[in-house]
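Worksheet for the structure shown next.
Note that this is a predicted model, so its numbers are computed, not measured.
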Amino acid sequence: MTWTLICSVLLLMLPIHAEAASEKVTLKVLDLSQDFFDKRFGNAFTAKYPNIQIKVIPIQKQNGTSLLSGDEIRKLEDKEKPDLLSESLYTHSLDEYVAEGKLVDLGPYISQSKSIKLANLNQNIVNSMKVNGKLYTLSPTFMAKGLFYNKTLFDKYKIKYPKNEMSWAEVMELAAEFKEKAGSPGFHYNHELFSLAAIDIARSYNLTYQDKSKGGKNITFNTKEWKSIFDMVLKAAKKEAVTKEKDAFLAGNAAMTVQDTFLLRTIKLSNIKFEWGVVSEPVNPARPISSAYGANHMFGISTESKHADAAWKFIEFINSEDFAKGYVKDGEFGDGLPTNECCKKWGNKVDLSGLYRLAPVKEKYDSNIPDIWEFLSKEGNSAFKSVLKGTQSLDSMLASLQKKAQAELDKAWAKKGK
């Protein structure tokens with residue numbers, strides 16, 4: 001009788017919202033497909049929690065070849081009422097969802113968790129997800145960019161390795177030094193050199209060609225800041241220090257490249273023959289930031305969910321050290337780097353800590369602002385080549401791009417009736 005009384009008291013002390021361990025629960029979430037979700041998260045989770053099944057509501061259109069738009073995802077979300085919110089958090093503002101009261105505050109869950117500790121998660125990513133000082137989402141992985149380098153080539157020509165938080169100017173100078181000493185380009189870039197300046201380097205400087213933070217109605221190309229970036233790339237290109245040759249870095253024909261963490265998977269599958277290392281992406285020394293987009297698998301609990309505890313078990317599991325270790329063991333990093341900092345080495349050999357150093361810029365996405373990058377890319381590539389050939393000055397190029405891009409942007413806004 002005494003033992004029965006004690007058990008009864010203990011049961012009464014349990015949180016009233018806790019779901020019975022044996023209760024079978026089905027959680028709903030939006031994602032590309034059931035198979036895609038299960039391979040990344042579902043299979044590992046249900047192996048540990050067989051009573052909790054996860055049903056995926058596909059975000060593909062009926063033709064199967066394209067995805068739903070941001071507004072369409074939101075409508076699907078309103079109809080299906082998923083327990084876990086994820087996809088919509090990338091097409092709409094996280095702040096907006098919090099303001100609308102759609103997400104559960106994860107603070108109480110995190111404080112009681114034995115599987116995850118905030119101190120063990122990358123603080124740059126954790127802080128980027130906070131809204132008014134609180135966490136409503138967690139992400140098991142994040143995207144970063146890094147400066148990958150061929151250690152074998154650097155050793156051969158007795159050139160010092162790259163270091164964390166180098167400026168882009170230092171990288172271009174190092175690429176030129178490599179060209180001079182080795183006779184081969186020091187830096188590989190996958191696309192047109194106009195994009196290197198207008199996208200990669202500009203993002204590191206938090207510089208945009210369109211004033212999206214002020215409504216997105218003005219082009220901002222013709223400035224001293226933009227001129228210095230293009231001038232930097234032009235000088236390196238004229239020295240033949242930069243190459244666009246396909247897979248030049250992987251083939252060992254270029255000493256460095258700046259790419260996102262998907263390159264880790266390519267390196268594994270390519271079975272390259274040289275030693276390599278990686279440091280943080282180049283930065284603007286005055287304000288070191290990451291140009292990558294940070295958290296890429298945010299999951300939150302819907303305030304409408306009837307299975308909040310089960311939903312938390314999923315979020316807790318995929319952010320745990322055990323999940324991170326299994327993810328790293330795979331070695332492909334197909335979804336980015338693990339946010340849990342237990343595993344900062346690739347194959348227990350290559351130090352990846354430099355990829356964890358920089359905080360991402362927290363940007364608000366506005367689908368109403370027209371994007372003219374396709375037009376700008378075509379015009380810019382042509383103009384950049386003419387400057388490289390000496391048939392046009394850099395000043396003339398920037399002034400012309402400013403005028404043409406503004407006219408194109410004005411037309412795009414006019415189509416929207418604004």
Side-chain angles (χ1 to χ4, degrees), residues 29 31 37 39-45 48 84-87 89-90 94 97-98 103-107 109-131 133-146 164 259-265 278-281 288-301 311-348 350-363:
V29 66
D31 209 322
F37 180 88
K39 284 180 179 178
R40 290 178 299 160
F41 307 115
N43 291 336
F45 175 70
K48 182 168 183 177
L84 291 159
L85 296 179
S86 180
E87 290 298 324
L89 303 178
Y90 296 96
L94 177 58
Y97 263 59
V98 172
L103 289 165
V104 171
D105 178 4
L106 299 183
Y109 285 105
I110 295 171
S111 64
Q112 295 179 33
S113 176
K114 294 181 180 179
S115 299
I116 59 172
K117 302 296 179 187
L118 278 186
N120 297 336
L121 305 183
N122 182 264
Q123 296 304 295
N124 289 324
I125 302 304
V126 169
N127 290 333
S128 73
M129 291 185 286
K130 286 182 178 178
V131 179
K134 294 182 177 182
L135 280 171
Y136 296 86
T137 60
L138 286 177
S139 175
T141 56
F142 70 98
M143 292 304 299
K145 283 187 177 181
N164 287 313
Q259 294 194 38
D260 61 33
T261 46
F262 287 128
L263 185 63
L264 294 167
R265 183 175 189 274
V278 61
V279 293
S280 76
E281 68 173 295
I289 56 171
S290 171
S291 67
Y293 56 85
N296 65 336
H297 275 116
M298 288 189 293
F299 284 96
I301 303 171
W312 165 249
K313 286 185 188 300
F314 172 77
I315 294 174
E316 180 183 48
F317 172 74
I318 62 174
N319 286 279
S320 68
E321 185 172 318
D322 287 344
F323 183 84
K325 285 180 177 177
Y327 176 77
V328 170
K329 189 176 181 181
D330 176 63
E332 292 187 2
F333 293 91
D335 288 309
L337 297 164
T339 307
N340 195 304
E341 293 198 343
C342 63
C343 321
K344 289 186 179 179
K345 286 201 172 181
W346 190 88
N348 290 321
V350 181
D351 181 17
L352 303 179
S353 61
L355 299 173
Y356 286 76
R357 291 176 68 97
L358 302 177
V361 177
K362 193 172 182 179
E363 294 180 313

* From His297 NE2 over to Ile315 CD1, what is the distance, rounded to the nearest 0.5 angstrom? -> 13.5 Å
* Asked: Side chain of Tyr327, backbone of Asp335: donor and acceptor closer than 3.5 Å?
  -> yes
* Donor-acceptor pair between Asp351 and Ser353 side chains, under 3.5 angstrom -> yes
* Would Leu138 and Thr339 satisfy side chain to side chain contact (heavy atoms under 4.5 Å, CB included), going step by step from the backbone distance to the final call? -> CA-CA 9 Å; Leu138 286 177; Thr339 307; over 6 Å; no
* Output yes when a side-chain donor or acceptor of Gln123 lies under 3.5 Å from a complementary backbone atom of Leu121, and no otherwise. => yes
* To do: Measure the spacing between OG of Ser113 and CD of Glu316 and express it to the nearest 0.5 Å.
  => 3.5 Å
* Return yes when atom NZ of Lys117 has more than 12 non-hydrogen atoms of other residues, nucleotides or ligands closer than 6.0 Å, and no otherwise. => yes
* Donor-acceptor under 3.5 Å (Thr141 side chain, Leu337 main chain) -> no
* By side chain to side chain donor-acceptor pair (under 3.5 Å) - contacts of Asp260 (at least two apart) -> none
* Could I get the full list of side chain to side chain donor-acceptor pair (under 3.5 Å) partners for Thr137, not counting sequence neighbours? => none
* Structure fact -> The reported gap from CG in Asn120 to CG in Asn319 (rounded to nearest 0.5 angstrom) is 11.5 Å
* With sequence neighbours left out, what residues match Lys48 under salt bridge (Lys or Arg N to Asp or Glu O under 4.0 Å)? -> none
* **Non-hydrogen side-chain atoms of Pro338 and Val328 separated by less than 4.5 Å** => yes
* Would you mind reporting whether Tyr356 and Asn124 have side-chain heavy atoms less than 4.5 Å apart? => no
* Structure fact -> Taken to the nearest 0.5 Å, the spacing of Ile301 CD1 from Leu84 CG works out to 7.0 Å
* Asked: Distance from Asn296 atom CG to Thr261 atom OG1, nearest 0.5 Å?
  -> 7.5 Å
* Please tell me if the side chains of Ile289 and Leu358 come closer than 4.5 Å, counting only heavy atoms from C-beta onward. => no
* Asked: In Å, rounded to the nearest 0.5 Å, how long is the span from CD1 of Ile110 to CG of Leu135?
  -> 5.0 Å
* Asked: Which heavy atom in Ala44 sits nearest to a heavy atom in Phe317, and how many Å separate them?
  -> O-CZ, 3.5 Å
* Is Glu281 close to Ser290 at the side-chain level, that is, under 4.5 Å between some pair of heavy atoms? -> yes
* Asked: Are any non-hydrogen side-chain atoms of Phe142 and Ser128 less than 4.5 angstrom apart?
  -> no
* Asked: So which heavy atom on Asp31 is nearest to which on Arg40, and how close?
  -> OD2-NH2, 2.5 Å
* To do: Compare all side-chain heavy atoms of Leu352 with those of Val278 and state whether any distance is below 4.5 angstrom.
  => yes
* Report the C-alpha separation of Tyr109 and Val104 in whole Å, then their side-chain angles, then the decisive distance to 0.1 Å, and conclude whether the side chain to side chain contact (heavy atoms under 4.5 Å, CB included) test is met. => CA-CA 10 Å; Tyr109 285 105; Val104 171; 4.2 Å; yes
* Asked: What is the minimum heavy-atom distance between Ala292 and Ala144, and which atoms define it?
  -> CB-CA, 3.6 Å
* Structure fact -> Correct closest heavy-atom pair for Val279 and Leu355 would be O-CD2, 4.1 Å
* Structure fact -> Applying ring-ring contact (aromatic ring centres under 6.0 Å, His included) to Phe314 and not counting sequence neighbours gives Phe37, Phe45, Phe299
* Asked: Are side-chain heavy atoms of Asn340 and Ser320 found at a separation under 4.5 Å?
  -> no
* Can you list the residues that meet the side chain to side chain donor-acceptor pair (under 3.5 Å) rule with Lys325, with sequence neighbours excluded? -> Glu321
* Asked: Where is the tightest heavy-atom contact between Ala324 and Cys342, given as atom of each residue plus distance?
  -> CB-SG, 3.7 Å
* Structure fact -> Hits for side chain to side chain contact (heavy atoms under 4.5 Å, CB included) against Lys134, two or more places apart or cross-chain, chain-then-number order -> Asp105, Tyr136
